[in-house]
Structure formats: structure tokens, C-alpha cells
Amino acid sequence: MRAKIHLEEALKKALADKGWDWPDKTVIESPKDRQFGDMSANVAMMLSKQARMAPRAVAEALVQALSGDALIEKIDIAGPGFLNFTFAPSFWRETVGHIRRAGGSYGESTLGNGTKVQVEYVSANPTGPLHIGHGRGAALGDSLVRIMEKAGYDVQAEYYINDAGRQMLILGNSILFRSRQLAGQDVTEPEDFYRGDYIIDIARACLKANPALLDLPEAEAMEICKNYGMADILQGIKDDLAAFGVRHDNWFSEKSLVADGKVEETFADLRASGMGYEADGAFWFRSTRLGDDKDRVLRKSNGDTTYFASDIAYHDNKFKRGFDLVVDIWGADHHGYVPRMMAACEALGKKGGLAVILVNLVNLLKNGEPIAMSTRAGQFETLKDVVDEVGADASRFMFLSRKSDSKLDFDLELVKQKSMDNPVYYVQYAHARIRSLQKKAEETGLKAADDTALAPLDTEHDADLLRLLDQYPDYVESAARTQSPHLISMYLQELASTLHRYYTHCHVLSADPAVASARLALLGCVADVVKNGLSLLGVNAPESM
RNA sequence: GGGCUAUUAGCUCAGGUGGAUAGAGCGCUUGCCUCCGGAGCAAGAGGUCGCAGGUUCGAAUCCUGCAUAGCCCA
């Protein structure tokens, strides 16, 4: 981050001196291959047309202009107009001091500038326990909240409870049916009901709490079953999420929207703006005006409002609560719904105010064999089962190791393995290794060097670690901007890999005391940044393993 | 029938505001245990970035068509 900032400022000044405009498409980045130096910029290529000069000539002019910069040791011009910069070793060593001064706040930025953001995630219907697919959404949402907060956004995490729809009726019906079965009544199976065994448990508890349940009129009994079941399942969901380390600041009920008349309010708004109209006894959303191939029904002629209607009202409500940006995390099977929801937000006057992140399927495997899951069939692997078996850390890291919209194979045996197949151990081990080293150093009375005694950090291995540490804030910003927690996971794997390499090549305790204490200072920063990054994923950094 | 998304090494996947010799892990081959945790490290082999066109000085990246797969809608 410091390298990037310094370079950008120096280049901008040089361009201003030449009277050239800064090209928007300039990319300043840390090249993968070290032969290209510490940082590279394609600015000469970008400027070529504007300056009416060949890229090479532009590059040479820029090298000339930057020659007085004390922090830059070397500038190379590469073939297609790249400038490759190598910074002075002392510049990199200052990274240690920056990280130490920042402490746990290293990586924070003002990117978000206090923008009010809401991230809504999981939001599973309270009709059954969370399964592993919800787990992926939970890990993603929670991590995104942490990352965006780190990047300076003001974030609220919300869970939307679909407690007003047809599913709730089916749930009540399922519980009532099982209650009657438990009471020995001869009842026929409803055609649509939740078959999972957990319904039987709930029915048993519901009967115990309401001994006269089955003597009540059908509608009344059904209502009791429904409410009992929902409360019970919702509590289970909250418990599972808590055990998974996931935070929601607000639990928002769909029913409350309807009860407070918010849906009608939103309808009135749409009518006023011309985006809603009555026809054929129904109320329509004029989505054709926003590119949809047909208008969508919001209230059918029988008076029922559609899911889409409550979703529009819900998003209207979110915006009225003052959020500048609303992020929804949905299952990838809802992708067809995204343009419609976007159009609805546009109709509400909040174009660009909604971002939808799609989470693809999780294929649960055991030793390579797929495990089927279906809530309806009552055969699934719950999130709780998975967390109990492999642990929250390992499952979270696994969920966040891929970008969210690609499918993920989750092999229970693989995730449990403490090997290279399982990146979480590789990363956590890097932290534990350093902590162990620090303990040993303490026993022998070796102290980490202060910022003025870091000169011994002069090998390529030192530079590799320092450069990577300097990049951490860039990764946090990038992860926040593109809403991609997996970037942090990939960064940590690279940092861990570099650390393990360092560890093999550069011994600490057996080195000369001045070298040893300088290395100890560097590795202390590495451990802190590993811990820092893991915390953004919601994963622990154990002192020993 | 219409639409969305995908297709990158043997496997699982990164990489997309167009830019250098396309990256990682696993697996495979070959080395490294007198040394702070070998749960590790080093080197190597492995690619027409699904196919065919187009735009461009330059395409894994953008456009068009096709193939295959998954999903959504009617």
C-alpha cells in the first residue's frame, strides 16, 4: 500500500510537470514475477497516444523525471511500455514500524468513507434447520461485514425472516399432522409437508406445551403449531449461527411489513411515480419500462400479494432506513430474480443502491462420495452436523476459499485432514509457528529489535515478506470493493507459504543476536497480519496446534 | 421455446476496467531430517485459456456464432 501510494504520487507529479493527463486506465501493481521489480506501471503505454510519442520515449522521459526520488532505487523500462520500479531496502524495512504502530488496525482504510451499508444474508425460511448451503452464505456474509467494516463502511448485518408466506402454513400443517400421529390418530399424509424427523420432535414438544392441542378447532390448533414451530426453529437457527460465529444485528420480520401497512405504502409510491397501475383487478409493476419483457403482478385479483411485492416493500423499507448501499446474498438459483429486483430498486429511485451476491451450491462429499441433501425429503446434512464434525474454523475457511458464485466441493474428510489438502491448517500453522518461536526467544532473553535496528533484514527472503506485508491493506480494499472475501483467503495462503519458505532458509534463534532480533521483529509482524487476516474470515489464529 | 451463468494443467480452482513468458494447491518425478515444529522446504514435467470468426498495435479478458453443462422463466 505504501509502495503503491508513493509511486502513484510520484508519477502524478512527474506527469503534471510534463503537462500530461493521468490516464484512468493506469494500473500500478506488484508483479507476480520478481524479475519485473517491486512494482510495475503501464503508464507509458497509456500515455503514448496523448503525448504523441512512442511508449519507449515516454518511458525514458518519465525515468528522467523520477530520477531524483530517493526511495526508488532503480527503474527499468520493459518492452511494451512498462516501468518496473525497485524500491530501496530501507523503504521496505519501514513496513515493520508501520505495522507495529497500527497494531490491530493495520489494514483499515477510509475507502468506505462511512457509507451506510446493509448486508442481508442467510435469511433462510424458518421451516427447518440450516444446511451446509446456508453455511456458505453465512460465512460469506459475516466475512463481508468484517471486511467492509475494516475498509471504513458503516455496516449493519440483517436476517430477513420469511414468516408470512405459504411455507409457514405448510410448517404448521406438518406439525399438526405429526402431533395427531403421535397421539395415535389415524390420519392421512398431507400432500405437501416437511418430512424431516425434526418435525416429529417439534410436534412432541408442542403437544407437551399444549396438552389440549388436538381438542381445539382445526384453525386454532394449526395457528398454535405454526407459531410454536417457527419460534422453535428460529431459535435453533440462531443457536447454529452463534456456534458458527456469525453475527446479525437485526432480525427483520416479513410479517411486520404487512402488519405495518408498508406494502400498501410502497404500492402508493409506485402508483404515484407511474411505475405501478391497476388492471384486470390486479396491481402491476410496470417493469417493461425498465427492460423487463413483461409487467409483473404485485397483487393478484384475489387480493393476495406476491413474493415480489413484499420484496419490493422490504427493499423500500431498507432504503428508508437510510442505507446508501444494500447488499443481498442469495442462492445462485435465484439469479433470474436479480434483474427484476434491480429494476424495482430503480423504480424506487435507488438505482445502483442494490448489490446482489450469488452463492453457488455446495456439494457435500465424504471421501469423494456425494451426500444427498433435501429438506423436504428429510435427508440432509445440517450446518450444525458439519460444524460439530469438522469445526467452525475449517469449514469457514473452506467456504471462503473460492469465489462465491462458483460451485464448491466440500469433502468432510478432506476438511478434517491436517495436511496440505487443507489450507486452513497451513495458514494457522504459520501463525502458531511464529508464536512458538517468540516463546522460545523470550525464554532465552532475546527481544525483537526496535524500528531503528532492522538493517539486518537485507536478504531477498526478508524483502519477499516485507513486500507481501505491505500489500495487505490493498487486498482488504480490493476484497471490500469487489465484495470478494476469497481474496483475503488467497492472500493468507501466499503469506503463509512465504513465511514457511523464510522459516526454512533464515534461522532466527541461532543467528547473530542483531540479526536474530531483527528477524524476530519481522516475524512478529507476519504473525500479527496472519491473525489480522484470519479475523476478517472469522477464523481463529491458535497460539499452538 | 426464451434468458442467465459457466467452460483455464491429470484433478480442484485463481486470474476479466484489453498489456510482459497465463498462476496456485493437490497429484506426479527428483532432492533435503547434526539446525528455532518435516503439519515443512527446493527443483522439474504438465496449457492451441471449450471451438470458430471479429474488433485491436496487442485478447484467457471485449463482440458474434456454435458446442457442452448447470440453473431460472414460460
Side-chain angles (χ1 to χ4, degrees), chain A residues 23-27 29 31-33 35-37 40-46 48-49 54-55 59 76-84 291-294 296 308 330-340 342 356 358-361 363 365 368 398 401-411 414 417-444 446 461 478 481-482 484 486-494 496-511 515-516 519-520 523 542-545:
Chain A
D24 291 337
K25 292 190 174 179
T26 304
V27 177
E29 62 182 2
K32 283 230 160 63
D33 197 323
Q35 69 169 300
F36 296 127
S40 73
N42 63 347
V43 66
M45 177 62 74
M46 298 289 122
S48 166
K49 235 178 211 166
D76 295 318
I77 302 173
F82 277 84
L83 287 174
N84 295 329
D292 205 345
D293 52 355
K294 62 179 188 182
R296 304 288 170 174
F308 189 37
W330 294 350
D333 53 343
H334 293 88
H335 68 84
Y337 200 61
V338 175
R340 220 183 301 168
M342 291 282 191
V356 179
L358 297 176
V359 181
N360 216 319
L361 295 176
N363 293 318
L365 309 170
M398 184 56 73
S401 63
R402 299 249 187 285
K403 66 177 185 219
S404 65
D405 60 350
S406 61
K407 285 187 200 167
L408 178 70
D409 284 340
F410 191 105
D411 194 311
L414 215 65
Q417 260 180 41
K418 302 179 175 181
S419 73
M420 283 299 288
D421 289 338
N422 189 358
V424 66
Y425 287 98
Y426 187 72
V427 174
Q428 287 181 321
Y429 179 50
H431 180 265
R433 225 176 185 182
I434 296 172
R435 293 297 182 228
S436 149
L437 192 60
Q438 287 174 323
K439 271 191 209 104
K440 283 223 167 61
E442 199 173 336
E443 286 163 15
T444 60
L446 180 69
H461 294 293
S478 183
R481 195 183 303 113
T482 62
S484 309
H486 76 277
L487 295 179
I488 301 294
S489 155
M490 295 196 309
Y491 170 81
L492 288 173
Q493 289 179 64
E494 197 182 341
S497 160
T498 309
L499 179 276
H500 290 312
R501 194 181 324 131
Y502 188 91
Y503 190 88
T504 310
H505 293 286
C506 307
H507 285 206
V508 174
L509 300 182
S510 55
V515 176
R519 288 181 176 173
L520 200 57
L523 293 190
E543 299 288 310
S544 65
M545 297 170 68

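So that the names make sense, note that chain A is the first sequence line, chain B the second, and so on, each numbered from 1.
- Nucleotide B:A20 forms a pair with no other nucleotide shown, judged by Watson-Crick or G-U wobble geometry with both contacts under 3.5 Å.
- When each of A:Val508 and A:Lys407 is assigned the nucleotide of RNA chain B bearing its nearest heavy atom, the one mapping closer to the 5' terminus is A:Lys407.
- Note on A:Tyr502: every side-chain N or O is 4.0 Å or more away from OP1 and OP2 of B:C36.
- With a 3.5 Å ceiling on both atom-pair distances, B:U34 lacks any Watson-Crick or G-U wobble partner.
- Distance A:Phe36 CZ to B:U21 P: 7 Å, rounded to the nearest Å.
- Within residues 331-339 of chain A, the residues having any heavy atom under 4.0 Å from RNA chain B are, by residue number, A:Asp333, A:His335, A:Gly336.
- Residue-to-nucleotide contacts include no donor-acceptor pair under 3.5 Å from the side chain of A:Thr504 to the base of B:A42.
- Between A:Lys403 and B:G15 there is a side-chain N or O to OP1 or OP2 distance below 4.0 Å.
- In this structure, B:A39 forms no base pair with any nucleotide, since neither Watson-Crick nor G-U wobble geometry is met with both distances under 3.5 Å.
- Summarising the geometry, the separation between CH2 on A:Trp330 and P on B:U5 is reported as 15 Å, rounded to the nearest angstrom.
- In this structure B:C66 sits in a base pair with B:G50, meeting the Watson-Crick or G-U test at under 3.5 Å.
- A close approach under 4.0 Å does occur between a side-chain nitrogen or oxygen of A:Lys440 and OP1 or OP2 of B:G37.
- At the phosphate of B:A39, neither OP1 nor OP2 sits under 4.0 Å from any side-chain N or O atom of A:Arg433.
- Across all strands shown, B:C71 forms a Watson-Crick or G-U wobble pair, both distances under 3.5 Å, with B:G3.
- Per the geometry, CG belonging to A:Leu83 stands 15 Å off P belonging to B:A20, to the nearest Å.
- For the pair A:Tyr503 and B:G37, the criterion of a side-chain N or O lying under 4.0 Å from OP1 or OP2 is met.
- For A:Ser406, a side-chain nitrogen or oxygen approaches OP1 or OP2 of B:A14 to under 4.0 Å.
- Under the Watson-Crick or G-U wobble criterion, with both distances below 3.5 Å, B:C11 is paired with B:G25.
- Across all strands shown, A:Asn360 has no heavy atoms under 4.0 Å from either base or sugar-phosphate atoms.
- A:His500 comes within 4.0 angstrom of sugar-phosphate atoms only, judged by non-hydrogen atoms across all strands, and of no base.
- When Watson-Crick and G-U wobble pairs are counted only if both distances are under 3.5 Å, B:A45 pairs with no nucleotide at all.
- Atom CG of A:Asp409 is separated from atom C1' of B:A6 by 15 Å (rounded to the nearest Å).
- As the counterpart of B:U55, no nucleotide is assigned, since no Watson-Crick or G-U wobble pattern has both distances under 3.5 Å.
- Straight-line distance from the CG atom of A:Leu437 to the P atom of B:G40: 18 Å, rounded to whole Å.
- Taking the six-membered ring where the residue is Trp, A:His461 and A:His505 present parallel rings, their angle staying beneath 30° rather than reaching 60°.
- When distances are taken from the side chain of A:Ser436 to each of B:C35, B:G37, B:A14, the shortest belongs to B:G37.
- Rounded to an integer number of Å, the gap from A:Phe308 CZ to B:C73 C1' is 14 Å.
- Nucleotides of RNA chain B nearest to A:Asp405 and A:Ser401 differ in position, and the one nearer the 5' end is that of A:Asp405.
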